[in-house]
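Before any comments, here is the structure.
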Amino acid sequence: MNFDLKEHPHRRYNPLNGEWVLVSPHRMKRPWQGQVEKPEKEIKPEYEATCYLCPGNSRAGGEQNPEYDHTFVFTNDFSALLEDTPMGTYEKGGLLKAKGAKGMCRVICFSPRHDLTLPELSQEDIVRVVELWQQEYKALGSLPEIQYVQIFENKGQMMGCSNPHPHGQIWAQSDVPVEPAKEGKQQGDYYQRFQTSLLQDYVALELKEKERIVINNEHFLVVVPFWAVWPFETMIISKRHFQNILQMTEEEKQAYAAVLKELTILYDNLFETSFPYSAGIHQAPTDGMEHTEWHFHHHFYPPLLRSATVKKFMVGYEMLGNPQRDITAEHSAERLRSLPKEHYKMK
Ligand code: H2U
Ligand code: ZN
């Protein structure tokens with residue numbers, strides 16, 4: 001019997017974080033009798049008087065939002081990281097270790113419209129979001145105590161998002177968090193060995209293999225990575241090797257906005273629902289070093305598995321062993337790329 005990625009259980013290696021995922025393609029026909037979640041209500045007003053992100057409304061801290069026209073950014077009223085924390089350390093017996101963490105958390109409204117999400121915004125409006133990400137990366141990243149600026153979005157109740165108003169978050173902090181630290185290490189090792197960017201080589205390989213491509217525009221490639229953990233996980237990777245969002249050319253910024261729109265439309269179309277996910281940018285730390293090894297990319301981790309209500313759980317073996325998936329990355333990519341390019345609500 002020949003080893004076949006489509007048939008036989010196997011482990012796949014993630015070169016970006018050095019971890020493994022178990023793939024069990026033979027289980028794709030397994031019946032489902034487990035949890036069914038209630039679909040989220042779809043019809044929303046353009047303005048919601050009780051929403052703490054809508055223009056003109058008051059937030060929990062008592063501050064009032066301006067009557068903003070496009071995007072709006074403010075410091076999180078319940079920031080997980082604070083600016084004026086003492087930077088001490090704690091150590092007992094070599095086993096109990098802690099150190100102070102300093103930083104700031106920001107919330108970004110993508111649009112004044114309460115009822116829209118990224119796929120429903122115009123490319124022009126998404127460009128404004130990208131420009132705000134650039135501004136924040138620059139402003140927060142240039143603070144001497146800030147080593148990393150994590151830009152992300154939690155979308156949908158299923159992901160613990162507290163409000164449907166389109167928004168994202170930024171946490172800037174005095175350390176590089178665990179995930180980008182793993183990726184930085186892996187990219188650094190690769191760069192040292194081959195003098196090229198790991199993701200540059202990966203993009204070239206995926207363009208040749210063609211099996212896992214979801215979207216391919218002039219400046220960005222979207223793939224279901226070979227090592228994807230979530231059923232419809234994707235990565236937006238810049239074709240050019242650059243380290244951070246400030247290094248994008250005008251054309252790349254447009255192409256990035258286009259690809260963000262296209263991808264989130266495909267996601268919504270998959271189960272004809274506002275597709276939940278956690279997504280975010282990985283890019284070079286802001287610790288003052290050059291970080292040539294870093295290659296800009298954007299991860300999407302969506303939980304849905306087989307319908308608008310049935311999600312993948314990360315439990316049991318995945319908590320104790322390592323992540324596992326049934327549907328192959330190739331199969332997911334094929335499904336995503338064959339979906340209509342127009343948002344289902346426009347039908
Ligand atoms: P989610 O994207 O996960 O729903 O988070 C929204 C953030 O908005 C959350 O971190 C903040 C919460 O602390 N927030 C405010 O800053 N002000 C408010 O009035 C309510 C929520
Ligand atoms: Zn990453």
Side-chain angles (χ1 to χ4, degrees), residues 37-42 44-68 70-85 101-121 125-126 128-130 132-133 135-137 139-140 146 148-175 177-180 230 233 260 263-264 267-268 273-282 298-304 311-312 314:
E37 312 227 352
K38 273 201 235 97
E40 293 173 26
K41 244 194 13 234
E42 290 279 345
K44 295 181 200 101
E46 285 185 23
Y47 166 81
E48 166 64 61
T50 61
C51 170
Y52 58 79
L53 298 177
C54 275
N57 291 357
S58 307
R59 300 202 306 274
E63 271 195 71
Q64 194 184 1
N65 298 329
E67 291 289 347
Y68 62 98
H70 299 290
T71 55
F72 169 52
V73 57
F74 62 92
T75 297
N76 197 312
D77 299 304
F78 308 94
S79 295
L81 293 150
L82 302 169
E83 272 176 80
D84 46 12
T85 312
K102 206 184 251 211
M104 51 280 287
C105 301
R106 314 269 282 158
V107 179
I108 288 189
C109 298
F110 297 162
S111 160
R113 286 274 301 268
H114 183 80
D115 58 330
L116 298 181
T117 56
L118 269 189
E120 297 161 288
L121 296 182
D125 283 338
I126 300 176
R128 289 196 168 96
V129 174
V130 174
L132 194 51
W133 287 340
Q135 275 171 37
E136 290 293 306
Y137 179 82
L140 298 169
I146 296 303
Y148 198 80
V149 179
Q150 184 58 60
I151 297 170
F152 66 99
E153 179 191 2
N154 264 336
K155 182 170 169 246
Q157 280 170 18
M158 206 178 260
M159 295 311 292
C161 179
S162 61
N163 188 330
H165 193 114
H167 69 284
Q169 298 194 47
I170 301 177
W171 291 21
Q173 69 183 84
S174 52
D175 282 282
V178 172
E179 294 304 322
W230 295 93
E233 174 177 335
L260 281 166
L263 174 61
T264 50
Y267 273 155
D268 277 11
T273 192
S274 184
F275 203 70
Y277 57 72
S278 276
I281 297 170
H282 275 158
H298 194 136
H299 292 279
F300 277 80
Y301 301 127
L304 290 181
K311 71 177 178 199
K312 172 185 174 63
M314 286 280 220

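The first residue in the sequence is number 1, and the count goes up from there. Atoms within a ligand are numbered from 1 in the order they appear, just like the ligands themselves. The basis for the numbers below is simple: all heavy atoms, side chains too, and nothing from hydrogens, waters or symmetry mates.
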SG on Cys105 to CD on Gln169, rounded to 0.5 Å: 7.0 Å
Is it the case that more than 12 heavy atoms not belonging to Trp171 sit under 6.0 Å from its CH2 atom? no
Around atom 17 (N) of ligand 1, find the nearest protein heavy atom and jot down its residue, atom name and distance. Asp77 OD2, 2.7 Å
Nearest heavy atoms of Pro45 and His114, plus distance in Å: O-CB, 3.5 Å
At what distance is the nearest protein heavy atom to atom 12 (C) of ligand 1, and which residue and atom is it? Asn76 OD1, 3.5 Å
Numbering as shown, the atoms of ligand 1 that approach Ser162 to under 4.0 Å (heavy-atom distance): 1 (P), 4 (O), 5 (O), 6 (C)
closest protein heavy atom to atom 5 (O) of ligand 1 is Gln169 NE2, 3.0 Å
Ligand 1 to Ala60, heavy atom cutoff 4.0 Å, flagged ligand atoms 18 (C), 19 (O)
If you take the centroid of each ring, where Trp contributes its six-membered ring, are Tyr277 and Phe275 closer together than 6.0 Å? no
With heavy atoms under 4.0 Å as the rule, classify the contact between His167 and ligand 1 as side chain, backbone, both or neither. side chain
Cys51 SG to Asn65 CG distance, which is reported to the nearest 0.5 Å: 8.0 Å
